[in-house]
Amino acid sequence: MSSTRRLRFFMSAPSCAPRMSSDQRKAFPFSEFEPKWQAEWEAKQAFRTPNPGDSDFDATKPKYFVLDMFPYPSGAGLHVGHPEGYTATDIIGRYKKMTGHNVLHPMGWDAFGLPAEQYAIKTGQHPRVTTEQNIEGFRGQLKRLGFAYDWSREVNTTDPGYFKWTQWIFTKLYNSYVNEAGKAAPISELEAQGLSRAEIDARRLAYVSEAPVNWCPGLGTVLANEEVVDGKSEVGGFPVERRPMRQWMLRITAFAQRLIDELDGLDWPESIRLLQRNWIGRSEGAEVKFSLADSDHTITVFTTRPDTMFGATYMVIAPEHPLVDSITTAEQKAEVEAYQKSVASKSDLERTELAKDKTGVFTGGFAINPVNDEKIPVWIADYVMMGYGTGAIMAVPAHDERDWEFATKFHLPIREVVAAAPKLDGDGGSVCEMEPAACFANEGYAVNSGFLNGMATQGAKKKMATWLEEKGLGKGTVNFKLRDWLFSRQRYWGEPFPIVWEDGQHRSIPETELPLLPPTLEDFKPTGTPLPPLSKAPDWVQYSETATRELNTMPQWAGSCWYYLRYCDAQNSERFVGEAAEKYWMGGGKPGGVDLYVGGTEHAVLHLLYARFWHKVLFDLGYVSTPEPFQKLVNQGLIMGEDGQKMSKSRGNVVNPDDVVKEYGADSLRLYEMFMGPLEQVKPWSMKGVEGVYRFLARVWRLVMEQNAEGEWSVSAALQDVPADKQVTKVLHETIKKCGEDIEKLSFNTAIAQMMVCTNAFTAAAVKPASAIATFLKVLGPFAPHLAEELKSRIASKFPALAVKGFLSDESWPEYDPAALIEDEVEIVFQVNGKLRDKARVAIQASKEEIEKIALASPRVQEFMEGKPIKKLIVVPGKLVNIVV
RNA sequence: GCCGGAGUGGCGGAAUUGGUAGACGCGCCAGACUUAGGAUCUGGUUGGGUAACUAGUGCAGGUUCGAGUCCUGUCUCCGGCACCA
C-alpha cells in the first residue's frame, strides 16, 4: 500500500509549480478521483483475468493476449518512453475486453543482469535489495497510471519461483540435440543409439566450448556478439577484447534456417524481419577443396561465386587458421608469427578502425587451383575471419572489392573471368593477360574460364558446383553469419547454471534440486579476473565430495526468453506453465501465440531472436503449442526531448512522467502520449501538447460537471435526460465507428482527434444529452479510464435510469447505428478542368444525370467554362463533377 | 558502401480504392467575461494579393479529366548493418 501513501503525499504537498498552485486552480479534480478509482479497481480486482479451470472462466469468449516488453527496474525509475507502449497496449486490452474477449494483459520485471548489478555495485547495496526497491518504485509508478494489468500474474525473473523454471528450461536445452529433421529432441535418443559421451556432448543444444570470446575487463565478464557494439560493451561502453575461454554456448545456429523461414507467418514490421534476416545472414555458395603444393593437407574455402574459380589467383586464410603452421615455410616463419601476434593483440575496435587498410603476410606456401592446376600463393590476412565459413577464401581480385584492394596493395595478379557482356568472338577461352582496370563484382558472363566460357553467372555457378561435386572437390553449402550464443557470464546477479562438474565432465542436476539459489555473498563484485564471483562461496561451490558447481551465471536474456509463457499461469509451482493455460492463451491457430507484442526496436535482434529460439526448442519438445512466440509485433517510436534531441540527463531534456502525472493527471499523460503522433514514429515531447489534451479532458469534465461559486463540483444543470439531436447523434456514431476502427489499427492519435470533434459537438449543444454522453464515455474509457469512470458514476448519481452496475471496463463497447451516419444531403464539388470552382449540397439519392444538371447550372461553373464545348464530363457520385472543356 | 523508413503550414500531425490538401491539437491574432488572466468561451489562422484570383505536399519530369497518393530520375534527413568471401 505504499503507492497509496505516496499519492496522499502528492495531494497534500504544497506544489512549487507556478502554473497551478492548488487543487482549486485545477481545471478538474483529477488528483482526487484518479487515486480513488485506482484503489477501487485494485480492491475489487477489476482486471483479474480468470484462467481455464477457474470458476469464473468463460470458455465461449475468444482470447486476446496483449504483451508489453517488461522493463528493467532501474534506479532511475520510469521514463516517458515506458508509458507510450504501455498505454497503447492498455487501450487495446480494455477495448478487447469491452468487445467480448478474455484479455491477458500482464506486467513483470526483467530484474537480473548487468544494469541491475552495475547499479548495485555503484550504490554499494546488495542487488537483491536494490532490485526490490526499484521494483517497488516501478510498480507504484505504473499503478498511478491506471493500467489494467492483472497484478496477480506479476512475474519477477529474480524470484526463485520464477528462475526455477529458467533453470529447468536450461536443463532441457542441455539435454536436447537437433535431429536429422532439424528439430530439437531429447538427448536420450542419442544415448539409445550408443553414441559416446564425447559425441553426445558435441551435439547438445547447450554445450561447453573453448574458443575466443568477447571478454570485457570493464564489466568483468564475457559478452555475446549481440552485446558488443563497435568493439565496446553495449552496457557501460567498456572496451571488449578477444580471448579464448571455456564458456557455455547455446546452439542457436542449428535453428538459423527456421529462424529465417518462420518469420514469414508473422505480422511483424518488414524492417524488423529484415533486421533479423540480415543478422542471421544466410548465404548460399560452395565449399571447395584446394590441395597444397608441398604437403598432403588440403584447405577448404567457402565461396558464393564458384563461377569465378578460374580467376582465383591467390588464397587467403585467417591468421588463426589451424593449418597456418604447416603451410608456412622456414623463410616466412618469423614474419608470419609476428603478424599473428599483432592480430591477436588487436581488440575488435582496433580491427574495425584499421579496416580501411588491408594487411597480410605471405606464408611461403602454395595451393593448387583445382580448375586449372595453377600454383597460387597462400597468404594470411585479418580480413578473413576464422569464425565464418571455413576461415579460408580463394581470392578473386577482379571480382571482389576486398580481394581487389588486397591484390593491388601486394601486387598479386588480377585476372578477369566475368564480363558485363558475353564475348562472342569465340576466343573467350584464351587467357587474357591484360589486368582489368577496375573491380567488377556484379553478375555477368564467364570469360577466360575454360568450360564455363560464355555462360551467365547463375548458370556458371550451377555448372561449376556440379563439376566440383563430380570430381569430389567440393559441394554446395549454405553459411550463416549467426554464431552460437555465448550464454555464460562471470557475474553474480544472474541464474546459476544447474550444472555440476565431476572428473572434468559436466552433468545437469536433478529437477528436484531446482531452484538452485545463488550463494549469499557479502562481496558480489567481479573478481577482476575471468574467475566468476560465485567462486567466493566455497561451501556453495562444493556440490559433493567429488563434484563442484558451475561458477558462471546466465545472461540477462535468459529470463526474458520465456516470461510471456509464465504470465499464462504465473503461480504454477508444478510446471513452468500449466498445459491448459498455455494452450488457451498461446493457442489460436496462428504461428505465434501472443496476439500483440509492443516494445522498442532495440530488441530487434537480441531478445526477439533469443526468445524465438527458446520457443522453438520448447515447441519441438512438445511443451508449447505454437512454433513462434509473438504473432504481431509493433515497435513504438522513441520519444525525444522538447529540443528534438534524444532525452538524456546530460542534455537536461528528460521529462519525468511523475511530474506530468502530478500536474496534469495520469489520464492527460496517457492521452498525450497517444495523441503525439503515430505509435511507431519518433516524435518530440511538448509540454504545450500535454496542456492541450489536458484542456480537452477538462472540457469533457465540464460537459457533465459545473462548479459553483465556492468551487464545488456538481452535475451540470445542462445535462438532461433527452435524446441527442440528429447532428450530435451522427457525430457520436461516427466517433464510435472511427475510434473502434482506429484502435484496431493502433491509430490512437486519429481516434483521439475524433473524440475531440465529438466533444466539440456536445459542447456546442445547449442541452447536453445525458445518455449520449454516457455512451461517449465508454469510447473514452480505454484512453482516459479515470475520468470516464468518474463521470460515469456522476451521471449515474443524477440519472439512476442510466446507472449500470460494475466498472466502465466491464461494459460492452457501444455499437454504432449505420443509419445514423447517413446524411440526406452530400456536398458535391464542381470542378472545371480539374480546378475546384463551386460546390453544392445535393440529395444523397440524386442520380448522375441530376448531379450533372445541377453542376452545369451553376453560374460559377458556367463562368469558368467560358461557353466552350464540353470535351469530357466525369461524375463521381457522392463526390464531385469534373467538366473538361 | 549496403539495407530499411521518412520528407505536407510557425510546430506535432490528418487525408479508404488517385477525387474539396492541411482533420485534430499546439502556437499566434482578435473579441467576450473579468480587478486580473498564464483560467474559460467565441471567431480567425498555408503563402502572395484590398479583391477576383493565384501558387502550393523536398526537387525535376511523366501518366491522368484529376496526383500528397501512381511511374522515372534526383536531393536531404533518420534508423540499422558494415572486411561475412
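From a predicted model like this one, the values you see are computed outputs, not experimental measurements. Each chain gets a letter, A, B and so on, in the order the sequences are listed, and its residues count up from 1.
When rounded to the nearest whole Å, the span between CD of A:Glu405 and P of B:G1 equals 15 Å. Taking atom CZ on A:Phe864 and atom P on B:C53, their separation rounds to 5 Å, with Å as the unit. We find that CG of A:Asn882 is positioned 13 Å from C1' of B:A67, with the value rounded to whole Å. The distance between atom CG of A:Leu274 and atom P of B:C2, rounded to the nearest whole Å, is 16 Å.
If you check every strand for non-hydrogen atoms under 4.0 Å, A:Ser686 touches nothing. Heavy atoms of A:Arg860 sit under 4.0 angstrom from primed sugar atoms or phosphate atoms, though from no base atom. Residue A:Arg277 is classed as having no contact, given no heavy-atom separation below 4.0 Å to the nucleic acid.
Among B:G13, B:C83, B:U20, the nucleotide with an atom closest to any side-chain atom of A:Lys839 is B:U20. Side chain of A:Val757, nearest nucleotide from B:G27, B:C24, B:U42: B:C24. Which of B:G27, B:C65, B:A15 sits closest to the side chain of A:Lys688 comes down to B:G27. Of the candidate nucleotides B:G25, B:A23, B:G13, B:G25 has the atom nearest to the side chain of A:Asn760. With B:A14, B:G13, B:A82 as the candidates, the nucleotide lying closest to the side chain of A:Lys683 is B:G13. Closest to the A:Ala753 side chain, of the nucleotides B:G19, B:G25, B:A23, is B:A23. Minimum atom distance to the side chain of A:Met756 is reached by B:G25, of the listed B:G25, B:A85, B:C53. Side-chain proximity of A:Ile393 to the nucleotides B:G19, B:G4, B:A85 is greatest for B:A85. Of the candidate nucleotides B:C3, B:U40, B:A23, B:C3 has the atom lying nearest to any side-chain atom of A:Asn278. Among the nucleotides B:C81, B:A85, B:G25, the one closest to the side chain of A:Phe675 is B:G25.
Put simply, the side chain of A:Gln831 and the base of B:U20 share no donor and acceptor less than 3.5 Å apart. A:Lys358 contributes a side-chain N or O that forms a donor-acceptor pair with the base of B:C83 under 3.5 Å.
The same atom, P, is picked in B:G58 and in B:A6; the two are 13 Å apart, to the nearest Å. A gap of 26 Å separates the C1' atoms of B:C78 and B:G27, to the nearest Å. Across the P atoms, B:U57 and B:G4 are found 27 Å apart, a figure rounded to whole Å. Across the C1' atoms, B:C59 and B:G7 are found 11 Å apart, a figure rounded to whole Å. Atom C1' of B:U63 sits at a distance of 8 Å from the matching atom of B:C70, rounded to the whole Å. B:G49 and B:U54 have their C1' atoms separated by 8 Å, with the value rounded to a whole Å. B:U64 and B:G10 have their C1' atoms separated by 35 Å, with the value rounded to a whole Å. A distance of about 32 Å separates the P atoms of B:G12 and B:G62, rounded to the whole Å.
Searching all strands for a Watson-Crick or G-U wobble partner of B:U40 with both distances below 3.5 Å returns B:A32. Base pairing analysis places B:C77 opposite B:G5; the two distances defining the Watson-Crick or G-U wobble pair are each below 3.5 Å. In this entry B:G18 has no Watson-Crick or G-U wobble partner, no candidate having both defining distances under 3.5 Å. Using the Watson-Crick or G-U wobble rule with both distances under 3.5 Å, B:A23 pairs with nothing in any strand shown.
Residues A:Thr359 and A:Tyr339 bring a donor and an acceptor atom of their side chains to less than 3.5 Å of each other. Judged by distance alone, the side chains of A:Ser283 and A:Asn479 never bring a donor and an acceptor atom under 3.5 Å apart. Checking A:Arg837 against A:Gln831 by side-chain atom types alone, no donor-acceptor pair falls below 3.5 Å. When only modelled atom types and interatomic distance are considered, A:Thr601 and A:Asn635 share no side-chain donor-acceptor pair under 3.5 Å.
Comparing A:Asn479 and A:Lys879, the nucleotide of RNA chain B nearest to each residue sits closer to the 5' end for A:Lys879.
One finds a side-chain N or O of A:Lys872 lying less than 4.0 angstrom from the OP1 or OP2 phosphate oxygen of B:C65. Residue A:Arg837 has no polar side-chain atom (N or O) positioned under 4.0 Å from OP1 or OP2 of B:C53. The shortest distance between the side-chain N/O atoms of A:Gln681 and the OP1/OP2 oxygens of B:G13 is below 4.0 Å. Of the side-chain N and O atoms in A:Arg695, none sit less than 4.0 angstrom from OP1 or OP2 of B:C41.
Two rings, from A:Phe406 and A:Tyr314, have their centers less than 6.0 Å apart. Aromatic pair A:Trp713/A:Phe28: ring centres not closer than 6.0 Å.
In B:G9 the O4'-C1'-N dihedral to the base is within 90° of 0, which defines a syn nucleotide.
Salt bridge present: A:Asp357 and A:Lys409 bring a charged side-chain N and a carboxylate O closer than 4.0 Å.
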